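Shown next, in structure tokens, is the structure this report addresses.
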Amino acid sequence: MVMEGGGSGNNSTPIIDKTRVLDVEPLRTLVPVFPSSSKAPPFGPYSSGFAPFYPFSAPQGSQATPDLNQQTHTTPAAPLRSFRATESNGDAFDGEYESYDGSTGSAKRRPKSSSQKRARKIQDLDFTLSVDENNFVVGVSLSERDDGNREVVHSIQMRFDALRRRLSQLEDAKESPAGIIRRADLKAGNILMTKQVRTNTRKRIGTVPGVEIGDIFFFRMEMCLLGLHAPSMAGIDYMSVRNDLEEEPLAVSIVSSGYYDDDAEDKDVLIYSGQGGAANKDKGATDQKLERGNLALERSLRRGNEVRVIRGMKDSVNQASKVYVYDGLFRIQESWVEKAKSGCNIFKYKLVRIPGQPDAFGVWKSIEKWREGLSSRAGLILPDLTSGAESVPVALVNDVDEEKGPAYFTYVSTVKYSKSFKLTQPAYGCNCRNACQPGNLNCSCIRKNEGNFPYTANGVLVCRAPMIHECGPTCPCFPNCKNRASQTGLKARLEVFKTKDRGWGLRSWDSFRAGTFICEYAGEVIEKVSQVGEGEGDGYVFDTSHVYESFKWNYEPGLVEEDGSIEAIEEPNVPSPLVISSKNVGNVARFMNHSCYPNVFWQPIMYENNNESFIHIAFFAMRHIPPMTELTFDYGKSCSGEAAADGGSTSRGRRKCLCGAPICRGYFG
DNA sequence: GAGCTTTCAATCCT
DNA sequence: CAGGATTGAAAGCT
């Protein structure tokens, strides 16, 4: 292990970590330089106006720049009333909407004129929230509805969660304790189901296109929408299949989530209980019958068809909720009848995982072991590279080669502003006691966020915004106020690991649901890129003045608010360019690699400290991220011609991108 | 095809 | 905080 101090001259900062490093050539490059946009790197087939997630044509580049000072005075959101999602008339959308043509990148989100002529239809009048037929765009073509692909699956999953978060936000803001939107997951699911924003509707045995082994879900409705497992509650999904002259039911997927007494200890074997009977405890336990799902499983045993297995378990971060992992294809090996404790008969099915599939549940099992003790962790170099600077350890591992660690740096958990750096923002906090309450428009911090509390009750970011305003150290509310989500330090067990071909990277033992705060970008705020010292141009700088690929993350416009025709801007906007160097001083964020199809995005967050407002760059999960998945964000590209002229450095500039995404732009930085 | 039934949800409440 | 009560949505069935 290489522990050697020094090297860096800045002894003024306490040296927390001394992982001295060897020959690490950091992969990221920063700074500069496309002389002109015309020389921008070649774009993939999707790039013209295609946001990787779903076909919204979001404004690109020069976003209307709202004046942040004025923004704090904007009127709060309209008062909220009630909501109901059900859509009575199912007048078909088939044919009414042009399908999205991914190959040209043209996003056609407008209905054809025939439907435009139709009077704007608002569902129930006692709601503020409703479906606006003219502004809602399905965005899923007829063929994509039958058979999905990765993009469509991600798009639908993200749209579902964006809507669910928004509905939760509205629910949180209600004064009445028993809200109208009780189940935001079901409401969001119901809206998208009704609108045919779903895929893989045709039931099938085996793989579901676009859904990959290891994908995770936090609600059963997500799996309904994606066609992975159709029933909203039942554990066994089956379909009728013609066999010779008759039809028989065959199981296509099962969810094992602990409600019954399954045996799910082995990652390759699952003992699954049949449905019915013993479940009905109130009616007195009865024998399970060989019907419905049980019959289908029995027939699938005979037929030997593949059955998808989804394993549900407690979320390690949020013990109250559940996470579902798609564990791939299994085959039913045998079945039997067992006497349950209640004395009645239940069916048991032994499912065996088909070999050769990537680990999914197995990864979770391994992580469980690592939590108990790191001795089982292969390639471990350091148990905690922060040396206690964070409340959770960050492991350093390398199981691909002999390199012993990244180049030396000092670990800090937050961004450091130099004294000379001043923002002209007026600084004032709220006057809330205890914790700021969603819906309380007397809270000035909430008013700064357009009246919306930025986070849901379980701490997930609801929407992106040009700027998020959190409560700061001088706000009188308690430190556990939910409007400080980005200030609580690391919560997940992260690890820095050696990638195969992109230097060091960052990943997590814990899964993230979309919108979860992961970490901020810590480092030293520098005034100009030119201040980056010699040798620092090779990486480790975050620069808000880069041009970032635009993408849509927030909930559907035209779907929730009645006046949803106005699509709120969600692209980040900072009053003046912010450049943070993590070369010498930084946190885990400095290890996050670039991807053209990232799973993490950055969001500027402002809060006050000592009568000054400071901006922090916070990273949030773009979509659900399974454990041990590399975390990546879009580095954007430098567009400054001056930077190119400056020094004429040839060593700087764009870097060849190795992200491997289908929509890879080829270069970044 | 409306209505009923079943169902390894999810959340609230105690 | 575990567990019971409550409210639920989809799809198969009748």
Side-chain angles (χ1 to χ4, degrees), chain A residues 83-90 160-161 163-164 167-168 171-172 174 176-198 200-203 217-241 247-264 270-283 286 288-297 307-315 318-325 327 340 346-349 351 456-458 513:
Chain A
F83 173 83
R84 198 190 61 189
T86 30
E87 154 109 332
S88 47
N89 84 339
F160 165 81
D161 206 61
L163 186 53
R164 186 195 62 80
L167 294 171
S168 296
E171 168 70 5
D172 290 346
K174 287 252 167 39
S176 61
I180 308 296
I181 310 167
R182 274 180 232 270
R183 291 281 304 270
D185 59 319
L186 295 185
K187 289 288 193 286
N190 175 247
I191 290 173
L192 296 185
M193 278 284 187
T194 307
K195 292 311 208 177
Q196 294 291 310
V197 181
R198 56 186 297 189
N200 297 314
T201 48
R202 190 173 55 77
K203 279 196 185 185
F217 312 92
F218 291 87
F219 295 92
R220 289 286 300 264
M221 286 303 294
E222 294 179 77
M223 295 182 276
C224 298
L225 291 167
L226 301 183
L228 181 64
H229 186 85
S232 57
M233 290 181 74
I236 304 167
D237 192 10
Y238 54 96
M239 64 185 284
S240 187
V241 174
E247 296 215 333
E248 64 175 352
L250 293 181
V252 295
S253 61
I254 58 166
V255 176
S256 167
S257 65
Y259 182 75
Y260 288 89
D261 194 21
D262 297 343
D263 183 347
L270 171 66
I271 309 297
Y272 189 78
S273 310
Q275 64 187 188
N280 269 338
K281 282 166 188 152
D282 43 338
K283 291 178 193 162
T286 53
Q288 289 187 344
K289 293 176 192 146
L290 192 59
E291 57 183 21
R292 304 172 193 274
N294 300 342
L295 180 61
L297 287 169
V307 177
R308 298 186 295 271
V309 167
I310 297 117
R311 305 208 189 223
M313 59 200 113
K314 279 187 177 170
D315 187 353
N318 195 349
Q319 285 290 332
S321 68
K322 222 176 254 179
V323 55
Y324 299 94
V325 182
D327 199 31
I346 53 171
F347 291 99
K348 291 280 183 177
Y349 301 89
L351 291 101
T456 65
N458 58 9
R513 57 172 72 193

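Just so it is clear: chains get the letters A, B, ... in the order the sequence lines come, proteins before strands, and each one is counted from 1. Every value quoted in this text rests on a predicted model; they were computed, and no experiment measured them.
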Check: Tell me: CD1 of A:Ile254 to P of B:dA9, nearest whole Å?
Finding: 12 Å
Next item on the list: Ignoring backbone atoms, establish whether A:Lys203 has a side-chain N or O less than 4.0 Å from OP1 or OP2 of C:dG12.
Entry: yes
Checklist line | Interatomic distance, A:Asp185 CG vs C:dA9 P [rounded to whole Å] | finding: 9 Å
Margin query: Please tell me if A:Tyr238 has a side-chain N or O lying less than 4.0 Å from either OP1 or OP2 of C:dC13.
Written below: yes
Item checked: Any A:Ser273 side-chain N or O less than 4.0 Å from OP1/OP2 of B:dC8 -> no
Notebook entry, point to check: To the nearest Å, how far apart are A:Met221 CE and C:dA11 C1'?
Noted result: 12 Å
Margin query: Would you say that A:Arg308 contacts A:Leu228 through its side chain, given a criterion of any heavy-atom pair below 4.5 Å between the two side chains?
Written below: yes
Check: To the nearest Å, how far apart are A:Met239 CE and C:dG12 P?
Finding: 10 Å
Check: Are A:Arg198 and C:dA11 close enough that a side-chain N or O sits under 4.0 Å from OP1 or OP2?
Finding: yes
Checklist line | Selected nucleotide, minimal atom distance to A:Arg183 side chain, candidates B:dA9, B:dT7, C:dA9 | finding: B:dA9
Note to self: Rounding to an integer number of Å, can you tell me how far A:Asn458 CG sits from B:dT11 C1'?
What the structure shows: 12 Å
Check: Taking atom P of B:dC8 as reference, at what distance in whole Å does atom CG of A:Asp237 sit?
Finding: 12 Å
Notebook entry, point to check: Can you tell me if the side-chain N/O atoms of A:Arg220 get under 4.0 Å from OP1 or OP2 in B:dA9?
Noted result: yes
Checklist line | A:Phe347 CZ - B:dT7 C1' separation (whole Å) | finding: 17 Å
Next item on the list: Hunt down the Watson-Crick or G-U wobble partner of B:dC8, both distances under 3.5 Å, from any strand shown, or write none.
Entry: none
Note to self: Counting only side-chain heavy atoms from C-beta out, which of C:dA10, B:dA10, B:dA9 sits nearest to A:Asn190?
What the structure shows: C:dA10
Margin query: For B:dA10 and A:Lys322 - does any side-chain N or O of the residue sit under 4.0 Å from the phosphate oxygens OP1/OP2?
Written below: no
Check: side chain to side chain contact (heavy atoms under 4.5 Å, CB included) with A:Ser273: which of A:Tyr260, A:Tyr349, A:Phe347?
Finding: A:Tyr260
Notebook entry, point to check: To the side chain of A:Phe219, which of B:dA10, C:dG8, B:dC8 is closest?
Noted result: B:dA10
Next item on the list: Would you indicate what A:Asp262 reaches in the nucleic acid, counting non-hydrogen atoms under 4.0 angstrom: base, sugar-phosphate, or nothing?
Entry: base
Next item on the list: Take the protein atom CD of A:Gln275 and the nucleotide atom P of B:dT5, then report the distance between them rounded to whole Å.
Entry: 17 Å
Item checked: Heavy-atom side-chain contact between A:Gln196 and A:Arg198 under 4.5 Å -> yes
Notebook entry, point to check: When you check the phosphate oxygens OP1 and OP2 of B:dT7, does a side-chain N or O of A:Tyr259 lie under 4.0 Å from one of them?
Noted result: no
Check: For the residue pair A:Ala230 and A:Asp237, what are the closest heavy atoms and their distance?
Finding: N-OD2, 3.0 Å
Notebook entry, point to check: For DNA chain C, whose closest nucleotide is more 5', that of A:Lys314 or that of A:Pro231?
Noted result: A:Lys314
Notebook entry, point to check: Among A:Val307, A:Asp263, A:Leu297, which one satisfies side chain to side chain contact (heavy atoms under 4.5 Å, CB included) with A:Tyr272?
Noted result: A:Leu297
Notebook entry, point to check: Hey, does the side chain of A:Asp315 reach the backbone of A:Ser321 with a donor-acceptor pair shorter than 3.5 angstrom?
Noted result: no
Next item on the list: Could you check which nucleotide pairs with C:dG8 in any of the strands shown, counting Watson-Crick or G-U wobble with both distances under 3.5 Å?
Entry: none
